[in-house]
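The next block holds one structure in the form of structure tokens; read it before the comments.
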Amino acid sequence: MHDNHHLVVVGGGFGGLQLVNDLRGAPVRITLIDKRNHHLFQPLLYQVATTLLATSEIAWPIRNLYRDRPEVTTLLGEVVGVDSANKSVILTSGRSVPYDTLVLATGATHAYFGHDEWAPVAPGLKTLEDATTIRRRVLLAFEQAELEEDPAKRDALLTFTVIGAGPTGVELAGIIAEMAHRTLPGEFRRIDTRKARVVLAEAGPRILPAFTEELSAYAGGELAKLGVEVRTGVPVTDCTHEGVMIGESFVPSRTLVWAAGVQASPAARWLGIEADRAGRAVVEKDLTAPGLPDVFVIGDTASVVWEAGKPVPGIAPAAKQQGAFVARMIRARLESKPAPGPFRYRHQGSLATIGKRAAIIDFGRIKLKGALAWWIWGIAHIYFLIGTRSRFVVAWSWLWIYLSGQHSARLITQKETLREEG
């Protein structure tokens with residue numbers, strides 16, 4: 001009787017895909033809308049940005065994932081609004097897609113804290129395009145430095161600044177330093193890539209604030225061994241093509257990467273509901289939008305209280321848990337059964353890598369650091385990867401890099417020339 005129930009899912013990230021996967025066999029038609037044609041394994045995006053992995057190793061066409069699910073229709077389109085009165089979502093083309101139940105899993109993007117003009121010079125890292133832009137800029141900086149006669153300009157080209165010292169910032173800084181100091185030295189003749197500076201700027205008092213002070217201090221020590229200059233307690237006040245202002249001091253740096261903050265998609269605005277400071281929609285305990293029982297909001301788009309009033313973190317396991325919970329809610333409704341209780345987040349631990357051979361893991365009671373943590377981090381990520389082929393390819397890439405020290409994906413593929421970039 002419910003075969004005509006139409007579920008629209010906006011966003012093919014971890015939350016959206018978990019939901020669709022868990023509804024296999026349910027009496028429901030599903031339309032999955034995303035503005036990109038691929039699902040992206042975001043936790044490894046920084047490895048594409050720093051030449052460890054190729055784009056195809058961490059992204060998969062959504063259509064291909066659901067080719068054997070005839071009840072799932074995939075649409076490539078960007079949602080720009082929700083007409084909750086008439087129960088439809090509106091695409092940029094002006095087309096509207098009606099729904100019986102709607103799930104918004106539209107994720108988050110970079111937040112420049114009111115300085116959007118910094119975006120062109122300090123790209124963030126949320127999409128494949130971001131990753132290849134950063135990869136191109138890092139590689140071109142070395143190429144331009146090899147050509148540069150002016151020592152001051154050469155030094156600026158060989159200075160890389162990562163802004164924000166959460167896991168993404170620490171992972172980026174560590175890999176860029178490792179590439180400069182260990183992978184590239186034999187490949188250039190006029191420059192010594194080991195003299196490259198990698199600066200990690202953090203406005204807060206310490207790096208990796210979500211981890212314990214002990215693990216944070218260990219990560220700082222490992223970054224220092226890799227040659228990363230860590231600057232904490234001073235905010236970045238300006239970003240330009242020439243460099244970055246960290247507090248009152250100017251660092252000439254031609255390659256900047258933004259890892260300092262995120263802003264949720266405008267889902268709360270589409271629905272006319274309250275948002276938190278990061279723009280995330282404040283939802284009910286069952287992840288529905290207040291006053292709209294047929295609309296769920298999950299993942300980085302949703303603000304859900306966890307413990308001690310803290311919001312659930314914007315990480316992949318949280319989005320997957322929310323997707324699975326909403327799938328149970330929808331099944332219960334379709335089968336006229338009582339709804340499961342409120343959503344409860346189970347924190348499975350925080351992970352971050354520092355370079356290619358060290359990591360920190362905080363499982364709560366158990367805390368690990370060093371090479372063992374790196375292997376556990378790697379196994380956890382491979383376990384999460386979609387598709388056995390991808391697991392094998394990524395594992396092989398990592399093993400090769402681990403044994404040989406050679407990064408496999410150092411190709412500058414976009415058509416920008418040195419002159420246009422400079």
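Heavy-atom basis, side chains included; hydrogens, waters and symmetry copies ignored.
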Classify the side-chain pair Thr73/Tyr66 by whether it contains a donor and acceptor separated by less than 3.5 Å. no
Roughly how far apart are Ile366 CD1 and Leu368 CG, rounded to 0.5 Å? 7.0 Å
Are side-chain N/O atoms of Glu57 and Ser390 paired as donor and acceptor at under 3.5 Å? no
Output yes when a side-chain donor or acceptor of Glu78 lies under 3.5 Å from a complementary backbone atom of Lys35, and no otherwise. no
Where is the tightest heavy-atom contact between Leu226 and Glu178, given as atom of each residue plus distance? CD2-OE2, 3.8 Å
Near-ring test Phe14/Phe384, centroid separation under 6.0 angstrom: no
Close side-chain approach of Arg69 and Val20, heavy atoms under 4.5 Å: yes
Got Pro252 and Glu242 here, is their nearest side-chain heavy-atom distance under 4.5 Å? no
Closest contact, heavy atoms only, Pro235 versus Ala203: CA-CB, 3.8 Å
I'd like to know whether the aromatic ring centres of His381 and Tyr383 sit less than 6.0 Å apart in this structure. no
Taking Asp300 first and then Arg280, would you say they form a salt bridge - that is, a charged N and a carboxylate O separated by under 4.0 Å? no
Distance check, rounded to the nearest 0.5 Å: Ile246 atom CD1 versus Asp238 atom CG? 11.5 Å
Quiz question: by atom type and distance under 3.5 Å, do the side chains of Ser253 and Thr161 form a donor-acceptor pair? yes
Taking side chain as C-beta onward, heavy atoms only, is Gln322 less than 4.5 Å from Val312? yes
Min side-chain heavy-atom separation Val79-Ile90 under 4.5 Å: no
Rounded to the nearest 0.5 Å, what separation is found between the NZ atom of Lys337 and the CZ atom of Arg328? 13.5 Å
Please work out whether the ring planes of His39 and Trp60 are parallel, tilted or perpendicular, with thresholds of 30° and 60°. parallel
Under a 4.5 Å cut-off applied to non-hydrogen side-chain atoms, are Val262 and Lys126 in contact? yes
Step by step, work out the side chain to side chain contact (heavy atoms under 4.5 Å, CB included) result for Leu19 and Val103. CA-CA 9 Å; Leu19 168 74; Val103 179; 3.6 Å; yes
Can we say Glu129 and Arg36 salt-bridge, meaning some charged N sits less than 4.0 Å from an Asp/Glu carboxylate O? yes
Within the supplied structure, the quantity of interest is the number of heavy atoms (other residues, nucleotides, ligands) at a distance under 6.0 Å from Phe363 CZ; does it exceed 12? yes
Is the distance between the ring centroids of Phe343 and Phe296 less than 6.0 Å? no
Chi angles and distances behind the side chain to side chain contact (heavy atoms under 4.5 Å, CB included) call for Ile163, Val257: CA-CA 6 Å; Ile163 301 150; Val257 182; over 6 Å; no
Do His5 and Thr101 meet the criterion of a side-chain donor-acceptor pair at a distance under 3.5 Å? yes
Starting at NE2 of His347, measure out to CG of Asp362 and round the result to the nearest 0.5 Å. 6.5 Å
In short, Ile207 meets Ala165 closest at the heavy-atom pair CG2-CB, 3.5 Å
Looking at Pro98, is its backbone amide N or carbonyl O close enough to the side chain of His6 to form a donor-acceptor pair, meaning the two atoms are under 3.5 Å apart? yes
Should the heavy atoms of other residues, nucleotides or ligands under 6.0 Å from NZ of Lys87 be counted, would the total exceed 12? yes
Looking only at heavy atoms, the pair that brings Leu53 and Ser397 closest together is CD2-CB, 3.6 Å
Ignoring hydrogens, what is the shortest heavy-atom contact between Ser84 and Tyr99? Give both atom names and the distance. CA-OH, 3.7 Å
Nearest-0.5 Å distance, OG1 of residue Thr255 to CD1 of residue Ile176: 8.0 Å
Report the distance from atom CD of Gln47 to atom CG of Leu52, rounding to the nearest 0.5 Å. 4.5 Å
Going by heavy atoms in the side chains, are Thr50 and Val138 under 4.5 Å from each other? no
Is it true that, when you exclude Glu213 itself, more than 12 heavy atoms of the residues, nucleotides or ligands shown sit nearer than 6.0 Å to its CD? no
Evaluation steps, side-chain hydrogen bond (donor to acceptor under 3.5 Å, both in side chains), between Thr127 and Asp130: CA-CA 5 Å; Thr127 66; Asp130 295 335; 3.2 Å; yes
Are Ile360 and Phe211 close enough that some pair of their side-chain heavy atoms sits under 4.5 Å apart? yes
Test of understanding: with ring pair (Phe, Tyr, Trp, His ring centres under 6.0 Å), list the residues that count as partners of Trp118, not counting sequence neighbours. His115, Trp258
So which atom in Ile298 and which in Ala105 form the shortest heavy-atom distance, rounded to 0.1 Å? CG1-CB, 3.6 Å
Lys369 bridged to Glu214 by N-O distance under 4.0 Å: yes
Heavy-atom side-chain proximity of Arg231 to Leu200 below 4.5 angstrom: no
Looking only at side-chain N and O atoms, does Asn86 offer a donor or acceptor that is under 3.5 Å from a partner on Ser88? no
